[in-house]
2 protein chains.
Amino acid sequence: MPDGQDAKRPRTRIQQRNRDLILGAALEVFSTHGFRGATLDQIATEAGLSKPNLLYYFPSKEAIHNELLSGLMDTWLDPMRALESSGEPIAELLAYVDRKLEMSRLYPRESRLFANEIVQGAPRILEALKGDLKELVDEKVAVIRDWTNQGKIADVHPYHLIFSIWSLTQHYADFDVQVRAVLGEEEPFDAAPAYLREIFLKILTP
Amino acid sequence: MPDGQDAKRPRTRIQQRNRDLILGAALEVFSTHGFRGATLDQIATEAGLSKPNLLYYFPSKEAIHNELLSGLMDTWLDPMRALESSGEPIAELLAYVDRKLEMSRLYPRESRLFANEIVQGAPRILEALKGDLKELVDEKVAVIRDWTNQGKIADVHPYHLIFSIWSLTQHYADFDVQVRAVLGEEEPFDAAPAYLREIFLKILTP
DNA sequence: CCTTCCTTTGACCGACTGGTCAAATACTGG
DNA sequence: CCAGTATTTGACCAGTCGGTCAAAGGAAGG
């Protein structure tokens, strides 16, 4: 009986394996078609399971989606949590940009899953945005404000600075096809890291 | 007989009005739910028409979507077309940023329509991206390269500079809910224009 | 071997989807 | 006013959707 309170802690190896299979397949399908655009049949096929079998491990389509989103939210914010107030300000922020861009490179599907959700009004995670996300951002904004007040980085709007970092790094995952269509043969992630480091250095230098 | 070759040039006032009604409603619905997530019933209700009546003016759901995308593509690239090689380089580029941000402020639904399409792999406009879009970008990149070669702007990667402009300006339309969730009461577009002008000035100054 | 519990699935359901069609209704020029 | 055309719609259809269920298949311990 995989459903219920202890669903997150499957007992058997086979439950663990199938849950992972389903979540992996669901990530693939949800991230490329959005929630409504995805179908259980697609996810089942992708996972190599039957549709009723999916619903043996998860109570509904929405439950799979929620599990993905909440499970990913933490990972997604890790690069920001790692921003240390004790470090050298500009180095800390450039390292954050690096980590964020690396996330886009390694986990583009996760990025697109969030992008789909947010572009469509974030109906399922709005509360998390106004809660946990805002809280974390507010905390880091305070750190950035300290740095600007001490003249250690340029006096830029801290919230919009953070939006810039999100926007520029995630762009390479979310709008991948557009970037590639315009670049032609050139690989986006070849030049992007150096470019972003360069411009953020200019933005942050007092 | 509204369908057929001359569909774009309706004769009567009533055809013009209903086509506009439908396209307006479709923009609203497609931009908030994506292509698959949108339904003809939603669009019909939003337009104040019956579903069969929609299909009297457009042959299919996809035809409405295509009409929107192709009709918007031109408008969407106008700010970039207006970038003049004869102007003062930094002023030209900053003005481009301004125009692009203004588009996001005035036409967020159009921005999200494209965002939805591209995040999901641009299945319906990939050819346009590799064709018209790339052509226009290549042309403007040549202009930017001239400016960098002449030392009139900083030596930044021209393609990635353009991606930056797209990314940062469209972010405020596409990820509107997230920006608002984090900012709380503050209005995003209050500080964004000055912030973007400030950082792009830093990026572009040699 | 049998029992018990976990896992898998074919068949099925009601709701909804994009789309059709014939008939009804408005609108137009003569 | 009328004939003809343009517009609108209720009823309907086949396919797909998320989800259910009873029954079948497996694994494990005794």
Closest to side chain of [X], choosing from [options]:
{"X": "A/Y57", "options": "C/dT9, C/dT17, C/dT7", "value": "C/dT7"}
{"X": "B/T39", "options": "D/dT8, C/dT7, C/dG18", "value": "C/dG18"}
{"X": "B/L55", "options": "D/dT7, C/dT8, C/dT20", "value": "C/dT20"}
{"X": "B/P52", "options": "C/dG19, D/dC17, D/dA11", "value": "D/dA11"}

Would you say [X] reaches [N]'s phosphate, i.e. side-chain N/O to OP1/OP2 under 4.0 Å?
{"X": "B/Y56", "N": "D/dT9", "value": "no"}
{"X": "A/Q15", "N": "C/dC6", "value": "no"}
{"X": "B/R36", "N": "C/dG18", "value": "no"}
{"X": "B/N18", "N": "D/dT8", "value": "yes"}

Could you state the atom-to-atom distance from [atom1] of [X] to [atom2] of [N] in whole Å?
{"X": "A/N66", "N": "D/dG18", "atom1": "CG", "atom2": "C1'", "value": "15 Å"}
{"X": "B/Q42", "N": "C/dG18", "atom1": "CD", "atom2": "C1'", "value": "13 Å"}
{"X": "B/D41", "N": "D/dC17", "atom1": "CG", "atom2": "C1'", "value": "15 Å"}
{"X": "A/L40", "N": "C/dT17", "atom1": "CG", "atom2": "P", "value": "16 Å"}
{"X": "B/R19", "N": "D/dT7", "atom1": "CZ", "atom2": "C1'", "value": "15 Å"}
{"X": "A/H65", "N": "D/dG18", "atom1": "NE2", "atom2": "P", "value": "13 Å"}
{"X": "B/L54", "N": "C/dT20", "atom1": "CG", "atom2": "C1'", "value": "14 Å"}
{"X": "A/N53", "N": "D/dA23", "atom1": "CG", "atom2": "C1'", "value": "15 Å"}

For this session: Using a strict 4.0 Å threshold on nitrogen-to-oxygen distance, state whether A/D74 and A/R81 make a salt bridge.
Result: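 Salt bridge between A/D74 and A/R81, a charged N being under 4.0 Å from a carboxylate O: yes.
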Exercise. Got a salt bridge between B/R99 and B/E102, using NZ or NE/NH1/NH2 to carboxylate O under 4.0 Å?
Worked result: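 Looking at B/E102 together with B/R99, the answer is no, because their closest N to O distance does not fall below 4.0 Å.
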Exercise. Hey, what do you get for NZ (A/K202) to NZ (B/K202), rounding to the nearest 0.5 Å?
Worked result: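 One finds 11.5 Å between NZ of A/K202 and NZ of B/K202.
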For this session: Look at the side chain of A/K61 against the base of D/dG19 and say whether a donor-acceptor pair falls under 3.5 Å; ignore hydrogens and angles.
Result: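 No.
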Exercise. Reckon B/A44 touches a base, only the sugar-phosphate, or nothing at all at heavy-atom distances under 4.0 Å?
Worked result: nothing
Problem set entry | Minimum side-chain heavy-atom gap A/F30-A/R36 below 4.5 Å |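 A/F30 does not reach A/R36 side chain to side chain.
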For this session: For A/R17 and for A/K51, locate the closest nucleotide of DNA chain C by heavy-atom distance; then report the residue assigned to the nucleotide nearer the 5' terminus.
Result: A/R17
For this session: Kindly state whether the ring of B/Y172 and the ring of A/H160 have centres lying under 6.0 angstrom apart.
Result: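 Judged by ring-centre distance (under 6.0 Å), B/Y172 and A/H160 do meet the cut-off.
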